[in-house]
Amino acid sequence: MHQAALLGGMIHDASHYGWKVAQPLHDWGKMAEAVQNHVKSLNWGHRVQLQDRKVKYLNFKASFVNPHVVCGVSKAGEETLLSADHIVIATGGRPRYPMHIEGALEYGITSDDIFWLKESPGKTLVVGASYVALECAGFLTGLGLDTTVMIRSVPLRAFDQQMASLVTEHMAVHGTRILRGCTPLRVERLSDGRLQVTWVDLASDKKDTGTFDTVLWAVGRVPETRGLNLEKAGVRTNPNTQKILVDAQEATSVPHIYAIGDVAEGRPELTPTAIMAGRLLAQRLCSRSSDLMDYDNVPTTVFTPLEYGCVGLSEEEAVARHGEERVEVYHAYYKPLEFVVPERDASQCYIKMVCLREPPQLVLGLHFLGPNAGEVTQGFALGIKCGASYQQVMRTVGIHPTCAEEVAKLRISKRSGLDPTVTGC
Amino acid sequence: NRRLGNVRGVCVPRSPPGRRARLSAPGTSRLSSAAREELRRRLLGLIEGHRVVIFSKSYCPHSARVKELFSSLGVDCNILELDQVNDGASVQEVLLEITNQRTVPNISVNKVHVGGCDRAFQAHQSGLLQKLLQEDPAYDYDLIVIGGGSGGLSCAQEAAALRGRVMVLDLVVPSPQGTSWGLGGTCVNVGCIAKKLMHEAALLGQALTDSGKFGWEYNQQVRHSWETMTRAIRKRIGSLNWSYQRAPRERAVAYVSSYGEFVEHHKIKATNGKGQETYYTAAKFVIATGERLRYLGIQGDKEYCITSDDLFSLPYCPGATLVVGASSVALECAGFLAGLGLEVTVMVRSQLLRGFDQEMAEKVASSMQQLGVRFLRKFVPVEQLEKGSPGKLKVVAKSTEGTEMIEGLYNTVLLAIGRDSCTKKIGLEKIGVTVNEKTGKIPVNDVEQSSVPYVYAVGDVVGGKPELTPVTVQAGRLLARRLFGGRLEKCDYINAPTVVLTPLEYGGYAEKAVEVYRKENLEVYHTLFWPLEWTVACRDSNTCYAKIICSKFDNGRVIGSLVLGPKAGEVTQGFAAAMKCGLTKQLLDDTIGIHPTCAQVFTTLEITKSSGLDITQQGR
C-alpha cells in the first residue's frame, strides 16, 4: 500500500518528465484486491513450503494441557492431544484496542482490518504514534484520503528522536494532519453513519470533536498468550506486557518450551529477526550449531512517505551509553537527484552517522531519511556488523549519482556547528 | 605558509622487499632503468615542488648544522633523511645525476641547487641564500588546472582552500552537431546526471504502467513529450553549471572560460571563445581534460550521427533510433529511449559491457529485449550513411563473421562506441609529457605525476583507472592535499563500486582480485528474486538476480557482490562499505534483512552456483 501511495507521487512527478497524464484518481477496491491476492498467494506459498519440507500443518487452536501436551481444537470443535519433546510458541501479537475509550471496539478498526477493506476508508483518524500508525497515515494520505494522526506524547518512541520529528514534519508538510498531545475520549456513530470522535488536548484540557469515516487504532500490540493456558505448562510471562520471558537460547522458564517472535519479551517486533531467531533455534535443537541470535544492530526501515532506515544506536542511546564527550555525530541535509526535476521539497532528507569520537571512530549507528531507505541501509548494516569505522566508510568510493553515496560523504560533524547542507553534486 | 610544512621521509618510494638498495655497492646500481626513471621523477617533483629541500642523514653533523642554519632563519624545510628510508643509496645515485653531488647534505632552494654544508654557509654569508629564499616563484599561479570537470574542479577547489593560487581553464569544444555546455564536465552535462534523469523519466513511464495495477486511474492515453523532459533536465543542469561557477569564485579559484594549451615549460596559452589569446604561467599543472566521444570514421558519421553529447539536449524526439555500441552508455541510452516508448535497435560488434561480469551483462541485455529493444549482434556499420526519405537515415551494416549485409532505416543514429582522451591538442609534446600512443592516455605514477614532474593528471585522461566521477573527485582532492597540504594519502583506485542504469539496473562491487583467483578457489552464491513492488504489478518473477562471490580461503571473505534489480546503486553502496570492512559470508548470514526490500535477498543466499540447484522463483 505504501508502494501504491509512492506510485501516486510518481504519477505527479511524471508530468515534470514529459509524461502527459491527467490528474489520476485512486480506486481503493482495485488496489485492495491486488494486494490481497498477493498476500493470499504468500499464504498458499507458506503451506506449500511446509508440505515440501514434510512439516505437518494442522489448522488448530492450541493450548497447553501440561508441560509436554498440547490440546488442539479444530474449527469443528474436535479436540486432539499432541505431545512433543520441544515446543515453540510463536503466536505473535494482535493490535490493541483501547478498551477504556467508549466506542473503541464497536466503531474502530486496526491495521489487521485496513489491508482487507474492500471499500476506501475515506476520511480517517489514525490514533497512535508507533511506526504502524505513521505508516498507515502516510499511505492513506498518499492515496488522496483526508487523514489525521492523533499522538498522545512522542512519535516513534524507541527511535532516534531527531529523525522521528523529521518524519512527522515531512508528513505534516505533505498533507497529513497531526494532532499532538491529544487523546481520544469517545467514538460515537452519527445518524449519517459517520463517526464522531471527541478528544482532549492534554496540555490545555480543552475538548474538541471531529467527524471521520474510519477510526484506526494503532496504539500498540498485545501478545497472543492468553488463550494458551501457559500456567498449565508453567511458562512465565511478564505481568505488565503479557509477553513470555525468554533467555538468550529463546527458552522460557520451562527448558523444553521456547518462544520466538513478537510473543517473546524484549525482542524487536520485526519479521526478519523472528525468521532468523526461528532458524537458529531449529539449528540448535537439531545440534547443528550452537549459534545464538544476536539482537544487537538489527536494521529496520519505517515506510513512511519519506522512508526512514536505521541500524544501531540512536544519538540519545549513544550519548547515554558513552557520554556526550565520547560521541561524534556526522550529518548532512542532502537533495536526492530524483527530487530535483519534479521540484520536490527535500527539507527533511537527512542522514546522520553516530560514531565514537576516539579514532578509528567506530560507527555506532546510522540513520537515513530519504527515498529507498531500506535498500540504502541494508549494506551499511552489514558494515556495522563488520565493525566499520568512520574512516573506512569515508574511504568507500561513492556510486554516483545515488542517495546512498551521501553516506560515504558525511564530513560535517554536529560538534563543528558547520552548515550540513550538501550543495552541488 | 602551511605547504612548507616540515615533512620528513616523504615521497620517496620504498624499494620492494629483497631489493634494499642500501645493500648494493656504491656505483653498481641494481635499479632497473624504469625504477631509476621513476625515482628521478619523484626527486625532481620534490625539489621543484618545495621552497627548501635538504637531503640529509640523521647522524650527519654537517646536515645538522645546515638544518640549524635554516631554522635560525625561520625557514621551514623539507628534509629527507636518507638513512631512514630503504632506498637511500638509490636516492644518492639519482641525486648525483640531477645535482652532480652524491654526498649529504644536498640542499636546493627554490629549485636552485645550492650544494652541501660549506656552500650553504658561503651562500648565507654572501647574501645569495637570502636572495634565493626571497625569490618566490615568479609564476602567475601556484597551480593551473586544465579542464573544469569533476576531477579538475575538486582539485582546484581543495588547492585553493589550502591557500594555493589556482586557475581553472575550461572551454568546451562543440560536438560535430554543435552541442556545447557549461562548467562541470562530462558527468554533469552529458554524463551521469543527465543520464540518470532520463533513466528516471523512463522509470516513471514504467511506474505509470504499474500504477494501474495499484488502483490508480487516469482517463487519458499516456503520451510522452520529449521537449518537456529535455527542458526540465536542461534547467537542472543549468543550475548545476551555475553552482559550479560560483563555487570556484567562493573558494578564490580564478576560472577562465578558455582553451588551454602548453607553449613552453610552465607556460600555457589560453584561447577564449572569441579567439583571444592570453598567456599564464604556473609552478604546477593538473591535466583534467577528460575524454570526448569517438566517431566511426566512416563517411557521413559526423554529418548525420549524434552522440550522447547531443542526445541529452536534443531539441526534438529522436524517433526510431539505432544505437551503435555495447558500452554502458550505449545500453543506458537504448534503455531509456525504449522506456520512453521509442523503437530502439542496438548494434553490437562483439562483447556487451566489456569489463563487466558477463553473466550479468547478458541478463541486462535479455531484460532489454523483453522491453522491446532489438539487438543486432556481430554487426558493424560499414558503408556511408545517406539521407533517405525526409528525416530518415539509411544504415548499411556488415557481419563481423561473414559476408552478410543488412540495411536499416532509422530516424536517429546514436554512436556510443567509446571515447578518446583529450590529450592531442593541448601542447603536451612541447613540454615532453609522455602520452600512450595507442590509447592517448597519460601514464602517471601512484601520485598522479606524469613524465614531467610538475605536470599531474587526474580523471578519465589517466590510463588504467576506473572512469568514475567519485573516484576522480577523490583523486583530485587528494592530489591537492599532497601538493598544498603536506598530506601523503594516495587515491585507492582498486575498489570502486559502480552502477549501470539500464532499465533493469545493475550494481556491482568486485575487487579486481576476482580475476586473479582461480575458479576453484571461489564459491558463488546466487538467486533470482522477485521485488515485492513487482508482484502486485505482475512483472516477471525471474528477472532480478543477485550473486556474491566469496573466497573459499580467507574465512569466506566476500570479494564481489552483484545485483540486477530496482535501485541497484542504492543497494550496492552499503555493500561496498561493508566489503571494505572485511565482509564474510558468515557475517552476511548473521545480518538481519530489512523487510521488505530487495537488498535483504543478500542475507539469505543459500544456493551455490556449483551445486547447480534451481534458483527460479515461483510467480503467480
Side-chain angles (χ1 to χ4, degrees), chain A residues 3-4 7-8 10-11 13-14 16-22 24-28 30-31 34-35 38 41 271-273 276 294 298-301 337-338 340-341 372 374-383 385-388 392-393 395-405 423-425, chain B residues 192-193 196-197 200-201 204-205 207-208 210-211 213-220 222-226 228-229 232 236 240 243 247 469-471 496-499 533 535-536 567 569-578 580-583 587-588 590-595 597-600 620:
Chain A
Q3 180 67 14
L7 284 167
M10 288 183 211
I11 294 170
D13 287 357
H16 291 269
Y17 283 93
W19 293 100
K20 288 183 179 153
V21 53
L25 291 170
H26 189 256
D27 180 339
W28 177 280
K30 200 170 170 195
M31 168 188 73
V35 171
H38 176 65
S41 80
T271 304
T273 31
M276 192 180 285
D294 176 6
V298 173
T300 188
T301 296
L337 184 59
E338 46 271 58
V340 174
V341 168
N372 307 303
E375 309 294 358
V376 172
T377 310
Q378 182 71 75
F380 289 103
L382 288 167
K385 196 99 184 169
C386 300
Q392 281 171 316
V393 177
R395 276 204 293 269
T396 307
V397 178
I399 301 180
H400 191 61
T402 60
C403 296
E405 73 173 323
T423 52
C425 87
Chain B
C192 322
I193 300 290
K196 170 138 185 185
L197 292 175
E200 189 71 18
L204 287 169
L208 288 176
D210 288 356
S211 67
K213 294 275 195 315
F214 282 89
W216 290 101
E217 287 175 351
Y218 29 87
N219 43 17
Q220 200 180 312
V222 178
R223 280 179 304 118
H224 184 256
S225 157
W226 177 271
T228 309
M229 175 184 71
R236 163 62 182 159
L240 274 180
S243 77
T469 300
V471 183
T498 186
V499 66
E533 56 270 36
T535 55
V536 171
K567 311 295 168 197
E570 308 291 0
V571 172
T572 304
Q573 182 71 74
F575 281 82
K580 265 232 141 90
C581 304
L583 182 66
L587 276 163
L588 201 52
D590 290 348
T591 301
I592 292 165
I594 300 181
H595 189 64
T597 61
C598 296
Q600 76 179 131
R620 265 187 291 155

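- For the set V393(A), V340(A), T271(A), the entry with the most heavy-atom pairs within less than 4.5 Å of chain B is V340(A).
- Per-residue counts of heavy-atom pairs under 4.5 Å with chain A were compared for S225(B), A201(B), A232(B), G215(B); the largest is that of G215(B).
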Show, in sequence, the C-alpha distance, side-chain angles and deciding distance for W19(A) and D13(A), and conclude whether the side chain to side chain contact (heavy atoms under 4.5 Å, CB included) test is met. CA-CA 9 Å; W19(A) 293 100; D13(A) 287 357; over 6 Å; no
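- Comparing W216(B), F575(B), F214(B) by how many heavy-atom pairs each has under 4.5 Å with chain A, the most go to W216(B).
- Taking A207(B), P470(B), A576(B) one by one and counting their heavy-atom pairs under 4.5 Å with chain A, the maximum is reached by P470(B).
- With a 4.5 Å cut-off on non-hydrogen atoms, T572(B) touches chain A through its backbone and its side chain both.
- The choice from A14(A), A388(A), P299(A) that makes the most heavy-atom pairs within less than 4.5 Å of chain B is P299(A).
- Counting only distance, with no hydrogens or angles, the side chain of Y17(A) and the backbone of T228(B) share no donor-acceptor pair below 3.5 Å.
- Side chains of D590(B) and K385(A) form a contact here, defined as non-hydrogen atoms less than 4.5 Å apart.
- For V376(A), the parts sitting under 4.5 Å from any heavy atom of chain B are the backbone and the side chain alike.
- Contact annotation: the side chain of I594(B) never approaches that of P272(A) to less than 4.5 Å [non-hydrogen atoms, C-beta and beyond].
- Contacts with chain A were tallied for T597(B), V499(B), L588(B), T498(B); T597(B) has the most, counting heavy-atom pairs under 4.5 Å.
- By the 4.5 Å heavy-atom criterion applied to side chains, L197(B) and L337(A) are counted as neighbours.
- Heavy-atom distances place the backbone of D294(A), and not its side chain, under 4.5 Å from chain B.
- For the pair H224(B) and K20(A), the minimum side-chain heavy-atom distance is 4.5 Å or more.
- A donor-acceptor pair under 3.5 Å links the side-chain atoms of E375(A) to the main chain of C598(B), judged by distance alone.
- Heavy atoms closer than 4.5 Å to chain B are found in both the backbone and the side chain of H26(A).
- S211(B) has its side chain out of reach of M10(A): every pair of non-hydrogen atoms, C-beta onward, lies at least 4.5 Å apart.
- Note: Q573(B) leads M229(B), Q573(B), K213(B) in heavy-atom pairs under 4.5 Å with chain A.
- Ranked by heavy-atom pairs under 4.5 Å with chain B, the first of G383(A), G387(A), P24(A), A381(A) is P24(A).
- Put simply, the side chain of H400(A) does not reach to within 4.5 Å of the side chain of K196(B), judged on heavy atoms.
- T301(A) touches chain B through backbone and side chain together, each having a heavy atom under 4.5 Å away.
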